[in-house]
Amino acid sequence: MVNPEPATVSATNFIRDIISEDLRNGKYQHVQTRFPPEPNGYLHIGHAKAICLDFGLAREFGGRTNLRFDDTNPEKEETEYVDSIQEDVRWLGFEWDGLYYASDYFDQLYEWAVQLIRAGKAYVDDLTADEVRQRRGTLTEPGQESPYRNRGLEENVDLFERMKQGEFPNGARSLRAKIDMASPNMNMRDPVMYRIVHASHHRTGNRWCIYPTYDWAHGQSDSLERVTHSMCTLEFADHQPLYKWFIEQLRIFPSQQIEFDRLNLTYTLLSKRKLLQLVREGHVSGWDDPRMPTISGIRRRGYPPQAIRAFCAAIGAGRTNGTTDFAMLEHFVREDLNRRASRVMAVLRPLKLVIDNYPEGQVEEMDAINNPEDAAAGSRRVPFSRVLYIENDDFREAPPKGYYRLSPGREVRLRYGYFVTCTSVVKDASGSVVEVHCTYDPATRGGNAPDGRKVKATIHWVSAAHAIAGEVRLYDKLFTKPDPSEVEEGREFTANLNPESLAVLDGCRLEPSLAGAQPGARYQFERLGYFCVDLDSTPGALVFNRTVALKDTWAKVEKKSH
RNA sequence: UGGGCGGUCGACUAAUGGUAGGUCAAGUGCCUUUGGAGCACUUUGUCUAGGUUCGAAUCCUAGCCGCCCAGCCA
C-alpha cells in the first residue's frame with residue numbers, strides 16, 4: 001500500500017495500560033469514552049490530541065465513543081461552534097456513536113439536585129458571588145460556612161423551585177453542595193451546582209433560567225452515558241474527589257476519570273480565549289486563517305488529517321507538562337505529503353530565461369514524473385519553449401561559495417528539460433537582472449547528458465507562453481517567540497505576533513496542468529514546498545497556500561555563513 | 001504557605017527491579033534529474049543526596065525544581 005495508515009495512538013501509553021488492566025480484571029466489561037467539548041470556540045490541535053485518545057483508544061478496544069457538547073453556559077455557547085466541531089471531528093477521521101448534549105440531561109440533573117437537597121447534601125445560598133468568594137478562605141485557611149447553609153429542607157426545596165421558576169434575578173441565589181468548607185481541596189468547599197442566568201440557551205431556549213455548573217453536570221453526564229474511561233486534562237485532577245462524591249451520594253454508575261497532559265506547541269497559542277481575541281481583533285482573517293492552530297485553520301493550510309493523527313500518536317500521552325517542538329508537527333505533515341502529493345512546477349518569483357539557440361516558435365512536451373515516491377501516480381507532459389521563467393533565487397550574478405545554481409558561464413539542468421549554460425544577462429536601469437540568456441544542449445533532452453557529464457544543480461521552470469498566473473500565500477509562524485505568551489511587563493501576547501507571518505505573492509507562474517485545480521487539492525511545488533488550493537480560488541484565478549516548505553539545506557548553509 | 005500532580009538526551013516518549021531504546025531537532029557522510037526524499041553514522045539523558053538490593057530510571061527516606069487549584073468559566 002502506498003499510504004499505510006499510521007497507528008491512531010502510540011504503541012503504548014499509560015491510559016492504554018489502565019484500560020487493558022480494567023478489562024482484564026473485570027472492573028469494566030466494555031469501553032465507552034466520550035469527547036466533551038464546550039461549543040464556545042473552534043477546535044484546535046490540542047483538541048486533536050484528546051480526540052485521537054478518546055476515539056482511538058475506544059476503537060482499539062472495540063468500544064464506543066460519544067460526542068457530547070458540554071453546553072452548560074448559555075452566555076458563551078453558539079450553534080456555529082456546534083457545527084464546526086462536528087465537521088472537524090469528522091475531518092480528523094472519526095465518527096461518534098452517540099451525539100449528546102449536557103443540556104439533554106437538564107431535567108435529570110434538576111431531579112438529582114432536589115434529591116440531594118432532600119438528603120441534606122445541598123442548599124440554596126442567598127449569598128452573592130462576591131460574598132461567596134470572601135468566605136471561601138484561602139489555600140492555607142479554611143473557608144467560613146454560609147449563614148444559609150443550615151436552613152430547612154422544605155425551605156431549600158421551595159427556594160430552589162422558585163429559582164427555577166424565575167423569581168430571582170441573576171446571581172441572587174445559588175444551589176451549593178454541602179460538603180466541607182475546611183477541605184484543603186478548594187473544589188470541596190461547598191461548590192456551586194446551579195446559578196441563575198436569565199439567558200437563552202442555544203438548544204433549550206428560554207425553558208431554563210438556572211443552569212448547572214460544569215462540575216455538577218460533567219460527572220453525571222458521563223455516568224448517564226455509562227462512560228467507563230473519562231479522559232480529560234490534568235487540571236481536572238483536583239475535581240475528581242468532587243465527582244466521586246456526587247456519584248456516591250446519588251449511587252449512580254461510576255465512571256473513571258483519567259487525566260493526561262495538555263498539548264503545548266512551540267510558537268503556538270492554544271488558549272481558546274486568546275485565539276478568540278486574535279479573531280475578534282482582526283490579527284487573523286478568521287478561525288480558519290491558515291496560520292491558526294485550529295483544526296479549520298490547519299485544514300485550510302493543507303495539513304492532512306492522517307498527518308495530524310500520526311503526530312498525535314507520536315507525542316503520546318502522559319502526565320508531565322511539556323512543550324512539543326513545532327518542527328515535530330511539520331515533520332509528520334511533510335512525511336505524509338511526500339508520499340501523497342503530486343509534483344508540479346511553479347515559479348513564485350519569476351525571472352525570464354531566454355534560450356538563444358532554441359528554435360523560435362518551437363514547443364516540446366516534456367515528460368515529467370508526478371511523484372517519484374509513488375510509481376502509480378504516473379507522469380504528465382509539460383510544455384517547453386524558448387522563453388521560460390525560472391525562480392529568481394535560482395540565479396546569482398555573483399554566486400557565493402557553495403551556490404550550485406545558475407550564474408554566468410555555469411551549466412545547470414532544467415528539470416525534465418535540457419542542460420542550459422548562462423551566457424549573459426540583461427539589467428534594468430537600477431542594475432538588477434531582469435533577463436537571463438543561455439544556450440541549451442539539444443543532446444540533453446529530458447535532462448540526461450549522453451556524454452555522462454554532470455551538473456551540480458537542477459532547477460524548475462515554466463514556459464512563459466504556456467504558464468498560468470496564480471497567487472501564492474506564504475505562511476510563516478504566527479509568533480516570533482517559542483513561547484508566545486512570554487511578554488514584558490504591561491505588554492500583551494499580541495506583541496509577539498510575527499509581522500512576516502503572511503507574504504502574498506502575486507504574479508506567480510504555474511505549469512498549465514494546474515488549470516482547473518480544485519480547492520483543497522494538495523501539491524508539491526518542486527524544490528519549494530507543499531501547497532494547497534485555497535477556498536478563495538476562482539476558476540480563472542488560482543490561489544495557493546503554502547502548507548509547509550521543503551527542508552532547505554542551502555538556506556541553512558547560507559544562513560550559517562552570515 | 002494547604003492540597004493535588006509531575007521531573008529520563010535540546011524536544012516528545014519507551015523501558016512496569018535485569019543491556020537506558022525510538023521519534024523530532026542538530027551534525028557528518030553516501031546517494032540523487034527536487035540542495036527534496038532515502039540510506040548510514042554521530043553527539044547529548046534517568047533532578048539531588050542518602051538507603052534497600054547481587055542488581056535501581058523503577059522501591060524507600062529527605063530535599064530541590066516545575067505545573068494546577070481560592071469563577072455562580074469549562
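Numbered from 1 within each chain, the chains take letters A, B, ... in sequence-line order. Values below: all heavy atoms of this structure, side chains included; hydrogens, waters and symmetry mates excluded.
The base-pairing partner of rG71(B), taking Watson-Crick or G-U wobble contacts with both distances under 3.5 Å, does not exist among the strands shown. In this structure, rC39(B) and rG29(B) make a Watson-Crick or G-U wobble pair, each of the two defining distances being under 3.5 angstrom. Of all nucleotides present, none satisfies the Watson-Crick or G-U wobble test against rU34(B) with each distance under 3.5 Å. Judged by Watson-Crick or G-U wobble contacts below 3.5 Å, the nucleotide rU1(B) has no partner. Base pairing analysis places rU16(B) opposite nothing; no Watson-Crick or G-U wobble pair with both distances below 3.5 Å involves it. Checking rC59(B) for Watson-Crick or G-U wobble geometry (two distances, each under 3.5 Å) identifies rG51(B) as its partner. Across all strands shown, rG10(B) forms a Watson-Crick or G-U wobble pair, both distances under 3.5 Å, with rC24(B).
Aromatic ring centres of Y42(A) and Y81(A) lie closer together than 6.0 Å. Taking the six-membered ring for Trp and the full ring otherwise, the centers of F531(A) and F544(A) sit at least 6.0 Å from each other. Taking the six-membered ring for Trp, W461(A) and F384(A) have ring centres closer than 6.0 Å.
Rounded to whole Å, the separation between the C1' atoms of rU43(B) and rG27(B) comes to 8 Å. The C1' atoms of rA74(B) and rG55(B) are separated by 48 Å, rounded to the nearest whole Å. If you take atom P in rG63(B) and the same atom in rU44(B), they sit 34 Å apart, rounded to whole Å. Taking atom P on both nucleotides, rG36(B) is separated from rC30(B) by 14 Å, rounded to a whole Å.
Rounded to an integer number of Å, the gap from CZ of R16(A) to P of rU13(B) is 15 Å. Rounded to a whole Å, the CG atom of N13(A) is 14 Å from the C1' atom of rU16(B). Between the CZ atom of F14(A) and the C1' atom of rG6(B) there is a distance of 11 Å, rounded to whole Å. Taking atom OH on Y404(A) and atom P on rU32(B), their separation rounds to 14 Å, with Å as the unit.
Taking a cutoff of 4.0 Å between a charged side-chain nitrogen and a carboxylate oxygen, R135(A) and D125(A) do not qualify as a salt bridge.
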With B for base contact, S for sugar-phosphate-only contact and - for none (protein heavy atoms under 4.0 Å), nucleotides 67-74 of chain B reads SBBBSBSB
Could you list all N or O pairs between the protein and nucleotides 36-40 of chain B that sit under 3.5 Å apart?
from	atom 1	to	atom 2	distance (Å)
rG36(B)	OP1	T553(A)	OG1	2.5
rG36(B)	N2	E373(A)	OE2	3.1
rA37(B)	O2'	N338(A)	ND2	3.1
rA37(B)	O2'	E373(A)	OE1	3.3
rA37(B)	O2'	E373(A)	OE2	3.0

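Side chain of N371(A) to backbone of S342(A): no donor-acceptor contact under 3.5 angstrom is found. In this structure, the side chain of T233(A) does not engage the main chain of R262(A) through any donor-acceptor pair within 3.5 Å. A distance-only check finds a donor-acceptor pair linking the side chain of T266(A) to the backbone of F326(A) [under 3.5 Å]. Side chain of R149(A) to backbone of K178(A): no donor-acceptor contact under 3.5 angstrom is found.
At the heavy-atom level, T266(A) lies nowhere under 4.0 Å from the strands shown. Contacts of G402(A) with the nucleic acid, taken as non-hydrogen atoms under 4.0 Å apart, include base atoms. Within 4.0 Å of R319(A), counting heavy atoms only, lie sugar-phosphate atoms of the nucleic acid but no base atom. Here Y403(A) lies in heavy-atom contact (under 4.0 Å) with a base.
Applying the ring pair (Phe, Tyr, Trp, His ring centres under 6.0 Å) criterion to F246(A), with sequence neighbours excluded, gives W216(A).
Only one option out of T458(A), D393(A), D394(A) pairs with R527(A) in a side-chain contact (heavy atoms from CB on, under 4.5 Å); it is D394(A).
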